[in-house]
Amino acid sequence: MKFKALTKTSAFAVFVLIEVSTFGLKAQNPIIQTNYTADPAPMVHNGTVYLYTSHDEDNTVKNFFTMNDWRCYSSTDMVNWTDHGAILSYKDFSWSRGDAWAGQCIHRNGKFYYYLPVNQKNGGNAIGVAVSDSPTGPFKDAIGAPLLVGYGYIDPTVYIDDDGQAYLYWGNPNLWHVKLNADMVSYNKEYGIVKEDLKDKNFGFRAKKNDNRTAAYEEGPWLFKRNSLYYLLYPAGGVPEHLAYSTAPNITGPWTYGDTIMHVIKEGGAFTNHPGYIEFKGKSYLFYHSGALPGGGGFKRSVCIEPFKFNADGSIPLIAPTKEGVTESASNLNPYKRVEAETIGWEEGIETVKDENAGVYVTNISNGDYIKVRSVDFGKGAKTFLAGVASASTGGKIEIHVDRKGGSLLGVLDVKNTGGDKNWKMLSCKVNVVKGVHDLYFVFKGADGNLFNFDWWKFSNK
Ligand code: FUB
């Protein structure tokens with residue numbers, strides 16, 4: 001809820017208000033505006049992209065990474081992201097004292113294995129593994145102890161090779177890998193922990209050689225295979241980090257340095273970056289993070305996405321960070337099925353929260369806040385709007401616009417006091433007939449303070 005915090009409390013308010021009111025118009029990056037999200041780890045499963053992120057807290061402590069939990073978002077179109085809230089905390093690892101840094105989740109045999117770096121109670125680095133039956137959790141510590149322990153053991157990336165052998169790579173300042181056993185929660189001790197020899201030809205030329213590092217590889221590896229070539233993407237540098245990659249004919253190397261993928265991002269001042277990659281519905285996407293959200297910075301980062309095309313020879317082009325991000329949705333959204341209110345293309349002002357009964361819902365809605373939902377396919381025409389809402393106050397209104405925030409007004413849903421901010425009621429209103437594909441804007445109107453909570457919506461053609 002970055003916009004609201006800044007616009008309402010800061011001496012910086014006027015500047016930010018102007019900045020913010022123009023920021024969201026075309027922007028798709030950063031893709032999440034309700035929380036600071038970092039270290040993107042996308043996973044495609046059954047036609048849906050699950051995006052796992054670390055989470056920079058709003059209150060940075062001691063001018064360092066302040067990170068307590070991991071979050072999950074999902075999308076079927078790459079432009080609207082449904083917030084599944086925090087799905088795991090460092091506290092779920094009883095042996096950890098904190099620092100919920102960059103992890104990656106993978107599906108195998110009906111379970112989801114989530115590899116995560118945290119610090120142990122004694123302060124030492126470790127990698128844990130959590131498991132769940134669902135991609136959105138709840139996850140729990142799979143083995144009740146660290147999977148791997150050692151200095152610099154952070155940022156695991158996991159990949160299952162064609163022969164079914166799973167590999168885990170990780171590390172800063174070194175790069176290590178293991179072969180995971182088929183249970184995914186232990187590793188092959190005979191094969192052992194293999195440390196890469198970080199040479200320029202393998203992992204890039206390091207200009208700054210004053211920190212006992214050899215090649216440009218820094219941390220945050222991301223492993224995948226495409227057309228019989230293995231790729232390792234990683235932040236390189238030193239600091240501030242750019243993104244680079246290496247390729248290999250085998251999953252264990254030998255790695256050959258490729259090139260820079262993304263230069264150091266100046267906007268927002270984040271000194272780290274962190275790659276993630278997926279192919280989804282025939283297109284390639286690079287995930288990364290920057291400090292570009294208002295209020296952002298080195299310890300307040302946000303996930304962004306750029307679509308890109310591999311060069312014909314399999315090399316990765318230089319990719320520029322943009323505000324527009326994914327301009328073309330991978331599919332249209334069906335408004336005739338229940339849509340979670342926390343499915344968001346862009347928003348300004350609102351927050352999301354999770355509870356045991358309603359799951360994640362939209363809250364802290366004030367006059368003038370809005371949610372944009374992209375590429376909504378109304379087909380032959382909607383006639384009624386329905387929503388799940390709750391209000392402990394005098395309530396407010398949801399103005400339903402298409403194409404622009406101030407675009408054609410389809411209708412207005414009056415939300416009255418429902419007897420409590422968790423006393424959910426389904427309300428409806430008639431809307432002017434709308435056909436075809438449009439961006440949809442819910443613009444919230446009312447008096448001062450929090451107007452109501454918003455859990456879900458849908459349209460009906462009756
Ligand atoms: O987010 C904390 C750390 O910063 C990650 O583990 C690194 O990859 C860097 O992004």
Side-chain angles (χ1 to χ4, degrees), residues 30 32 35-42 51-72 86 88-90 93 96-105 114-120 123-130 146 148 150-158 168-176 203 211 213 216-223 232-245 261-262 264-265 268-277 286-293 296-305 321:
I32 309 296
N35 282 281
Y36 292 114
T37 53
D39 304 321
L51 170 64
Y52 300 87
T53 74
S54 58
H55 171 207
D56 286 332
E57 296 289 340
D58 283 1
N59 297 322
T60 302
V61 179
K62 295 188 181 158
N63 198 29
F64 192 62
F65 298 109
T66 307
M67 305 172 73
N68 299 328
D69 54 20
W70 296 273
R71 302 185 63 87
C72 182
L88 187 71
S89 156
Y90 76 85
F93 295 110
S96 166
R97 69 158 195 208
D99 301 306
W101 287 13
Q104 188 182 348
C105 185
Y114 197 2
Y115 300 88
L116 299 152
V118 280
N119 282 329
Q120 299 171 86
N125 302 142
I127 291 172
V129 55
L148 290 152
Y151 174 73
Y153 279 26
I154 65 166
D155 293 1
T157 179
V158 59
L168 195 77
Y169 271 79
W170 74 92
N172 172 349
N174 292 301
L175 175 63
W176 295 271
F203 292 99
D211 52 7
R213 294 171 185 246
Y217 171 86
E218 192 78 20
E219 58 181 353
W222 184 268
L223 178 65
L232 202 66
L233 316 185
Y234 46 87
V239 168
E241 295 170 342
H242 63 276
L243 298 182
Y245 77 103
I261 302 171
M262 181 175 277
V264 170
I265 302 173
F271 55 90
T272 63
N273 200 340
H274 193 105
Y277 164 81
L286 175 73
F287 289 65
Y288 61 101
H289 68 221
S290 79
L293 202 65
F299 304 121
K300 288 190 173 59
R301 300 156 296 171
S302 291
V303 170
C304 301
I305 308 175

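Counting starts at 1 for both ligands and their atoms, in listed order.
T157 places a side-chain N or O within donor-acceptor distance of the main-chain N or O of L223, the cut-off being under 3.5 Å. Between the side chain of E241 and the backbone N or O of N273, at least one donor-acceptor pair lies under 3.5 Å.
Taking the six-membered ring where tryptophan is involved, the planes of F64 and W101 are tilted, since the angle between them lies from 30° to 60°. Note: F299 and F271 have perpendicular aromatic rings, judged against thresholds of 30 and 60 degrees for the angle between ring planes.
Below 3.5 Å of separation, one finds an N or O of R301 facing an N or O of ligand 1.
When heavy-atom distances to ligand 1 are checked against a 4.0 Å cut-off, A102 comes that close through both its backbone and its side chain.
Close approach to F65 involves these atoms of ligand 1, each under 4.0 Å from a residue heavy atom: 4 (O). The distance from ligand 1 to the heavy atoms of H274 drops below 4.0 Å at these ligand atoms: 8 (O), 10 (O).
Separating the OH atom in Y153 from the CG atom in L148 is a distance of 6.5 Å, to the nearest 0.5 Å.
Looking only at protein heavy atoms, the nearest one to atom 1 (O) of ligand 1 is D39 OD2, 2.5 Å. Protein heavy atom nearest atom 9 (C) of ligand 1, with residue, atom name and distance: E219 OE2, 3.5 Å.
In this structure, H289 counts as a contact residue of ligand 1, since one of its heavy atoms falls inside 4.0 Å of the ligand.
Under the salt bridge (Lys or Arg N to Asp or Glu O under 4.0 Å) rule, D56 has a single partner from R71, R301, K300, which is R301.
Of the candidates I154, D56, D155, D155 brings a heavy atom nearest to atom 5 (C) of ligand 1.
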